[in-house]
Amino acid sequence: MEITSLVTAELTSIITSLIIAIVAVACAALVSYTTTPPVRLLAFRIGAIDIPTDARRMHKKPMPRIGGLAIFAGFLVATLVFCEPSSQLFAIWIGGGILVVLGILDDIFRLPALIKLIVQLCVAGIAVSFGILIEHITLFGAHIEFGYFAIPITMLWIVGLSNAINLIDGLDGLSCGVSAITSISIFMVMLITGDYTAALITAILTGSCLGFLPYNKNPAKIFMGDTGALFLGYTLSIISVQGLFKLHTMLSFLVPVSIFALPIFDTLIAIIRRLLHGQSPFHPDRGHFHHKLVDMGFSHKEAVKILYAISGLMGLVAATYTEAMFQESSTRIWKTVILLVAAVIILVLIFICMKKPSTRILSGLAEHVSEIRLEAEKQEREAKEKAEAEAEAHEKAALVEKKRQKKENKKADK
């Protein structure tokens, strides 16, 4: 009788916790969804509008930004109501709030990259002051302590991931959807490891993204802008530090790297590409994965779906690997390897199907795309990019000439 009572009490507790989690996610989604229209109105009032002035931008008409303010509102309300205050949450609330303000200012005034980087480093420092640290990783069973390097490594991870989420924000619904998928992946890992507090926070973040997504999917009514991208990247980085890097698995760092594979590799390739072209790593260009897919003839929706699938596959690999490590089963590890190999093969096959318009049509991955239309769009884009490059070169030449004349005038005055 006593055992039955204990089982009943435990079952009741589990059901209650599950109901609270569902209500918390619903709360975050509803707040995010219902605050987006007034945020859109606010964007027009304060001039937070994205005007397509170059070939890099995929939209054709002015679009309101700062949609991330609605995402932040959903997350803030739900965590204040349903979560117990903790150092992790204080770091997210304070640092996230600062980044939201930074994002709003950037969405209005287009702040210099250096100023944004300085603020991001300061916010990463705030997170570190609350005890958010990557103190170690496990590599093939070896426990590697970072010691004094823990602080710079943590700050690099937080700033890097914040910007990585920002850089993939190039198509309607892409960054918000990928953030939701990565949140779900982290949520699964947290459930497997038994970290239910972090799981609830991650679930709330997912709800905030899903509430905003109906307004952000193609054709978008509002962009989340730097306001949302920086907040989501920052929040996901903190949750990953607390929950993923501290896993005592054989290759603990593979879990977060797998979950964030899409934004991480897109960012790394972008930095390498820009440096090879003699440009600043912060110089915007049109070479991201989503740009390449659109250039190949995919519509916005098709490109976003493909990138969603890639992000989801890598998240599934991370969750399967975590389960294998915690079950300490060699069979499960091999299943994880099989899943990873299958994911790579699928991506290679998809790339083969994507390579030509004719193969895309036969595979059913894309609507009918005319080779002539594709070539015309490509030429139009290249002409626009060439005109922009010439204008930039002319502006630089004029500046050099102005400086030269100023020096000559000074000499003449002497």
Side-chain angles (χ1 to χ4, degrees), residues 48 50 53-54 56-57 65-69 71-72 91-130 132-134 146 148-170 174-176 178-179 182 223-241 245 256-257 260 262-289 291 392 396:
D50 193 338
T53 55
D54 52 45
R56 180 175 58 88
R57 302 181 190 279
R65 294 162 68 93
I66 71 167
L69 187 57
I71 297 174
F72 178 69
I92 295 174
W93 289 336
I94 297 172
I98 293 172
L99 287 178
V100 166
V101 173
L102 174 69
I104 292 173
L105 293 174
D106 184 52
D107 288 337
I108 298 173
F109 303 109
R110 301 296 187 272
L111 301 176
L114 182 59
I115 291 178
K116 292 194 290 183
L117 180 61
I118 291 171
V119 175
Q120 289 173 39
L121 287 170
C122 292
V123 169
I126 290 173
V128 169
S129 70
F130 278 101
I132 310 297
L133 278 174
I134 304 175
F146 290 130
Y148 293 114
F149 294 101
I151 292 176
I153 288 172
T154 304
M155 292 178 68
L156 178 64
W157 173 256
I158 293 173
V159 173
L161 193 57
S162 299
N163 284 286
I165 296 296
N166 195 17
L167 285 175
I168 64 168
D169 190 19
L174 178 57
S175 187
C176 185
V178 168
S179 296
T182 54
F223 294 158
M224 67 179 183
D226 283 11
T227 309
L230 292 176
F231 168 70
L232 287 175
Y234 174 76
T235 304
L236 286 168
S237 67
I238 288 181
I239 294 172
S240 66
V241 170
F245 280 101
V257 169
F260 298 112
L262 178 61
I264 286 175
F265 285 108
D266 186 46
T267 300
L268 288 176
I269 291 171
I271 291 172
I272 294 169
R273 180 178 64 248
R274 291 165 185 174
L275 291 175
L276 289 176
H277 285 84
Q279 298 172 333
S280 164
F282 303 103
H283 182 78
D285 60 16
R286 204 177 183 286
H288 294 284
F289 292 157
H291 290 134
E392 188 178 347
K396 287 181 179 178

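The basis for the numbers below is simple: all heavy atoms, side chains too, and nothing from hydrogens, waters or symmetry mates.
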Give the intermediate values and the outcome of side-chain contact (heavy atoms from CB on, under 4.5 Å) for residues Met155 and Val128. CA-CA 8 Å; Met155 292 178 68; Val128 169; 3.9 Å; yes

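- Distance CD1/Ile98 to CD1/Ile126: 3.5 Å, rounded to 0.5 Å.
- Distance alone, capped at 3.5 Å, places no donor-acceptor pair between the Thr235 side chain and the Leu232 backbone.
- Contact of the Leu236 side chain with the Phe260 side chain is registered, since non-hydrogen atoms from C-beta on lie closer than 4.5 Å.
- Tyr234 approaches Ile92 most closely through the heavy-atom pair CE2-CA, 3.9 Å.
- Here Asp266 contributes atom CG and Ile271 contributes atom CD1; the two are 10.0 Å apart, rounded to the nearest 0.5 Å.
- Across every non-hydrogen atom of Ile71 and Cys176, the tightest pair is CD1-SG, 4.4 Å.
- Two residues are said to be in side-chain contact when any heavy atoms from C-beta on lie closer than 4.5 Å; Ile115 and Asp106 fail this criterion.
- Here the closest non-hydrogen pair linking Val241 and Ile132 is CG1-CG2, 3.6 Å.
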Tell me, with the steps shown, if Leu102 and Asp226 meet side-chain contact (heavy atoms from CB on, under 4.5 Å). CA-CA 8 Å; Leu102 174 69; Asp226 283 11; over 6 Å; no

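- Across all their heavy atoms, Ser175 and Ile168 have their closest contact at OG-CG1, 4.0 Å.
- Exactly one residue among Ser162, Ser240, Pro152 makes a side chain to side chain contact (heavy atoms under 4.5 Å, CB included) with Trp157. That residue is Ser240.
- In terms of heavy atoms, Phe231 sits closest to Phe72 at CE1-CD1, 3.4 Å.
- Note that CG of Leu161 and CG of Leu230 are 11.0 Å apart. Values are rounded to the nearest 0.5 Å.
- Residues Arg65 and Ile108 have side chains not in contact (no heavy-atom distance under 4.5 Å, counting atoms from C-beta outward).
- Atoms CZ and CG, on Phe146 and Leu133 in that order, are 11.0 Å from each other to the nearest 0.5 Å.
- Taken to the nearest 0.5 Å, the OG1 atom of Thr227 stands 9.5 Å off from the CG atom of Asn166.
- Thr267 is not listed as a side-chain neighbour of Asn163, based on a closest heavy-atom distance of 4.5 Å or more.
- Residues Ile66 and Ala48 share a closest heavy-atom pair of CG2-CB, 3.7 Å.
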Would Phe130 and Ile238 count as a side-chain contact (heavy atoms from CB on, under 4.5 Å) if you check the C-alpha gap in whole Å, the side-chain angles of each, and the deciding distance to 0.1 Å? CA-CA 11 Å; Phe130 278 101; Ile238 288 181; over 6 Å; no

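- With rounding to the nearest 0.5 angstrom, the CG atom of Leu174 is 9.5 Å from the CD1 atom of Ile165.
- The closest side-chain heavy-atom distance from Met224 to Asp169 is below 4.5 Å.
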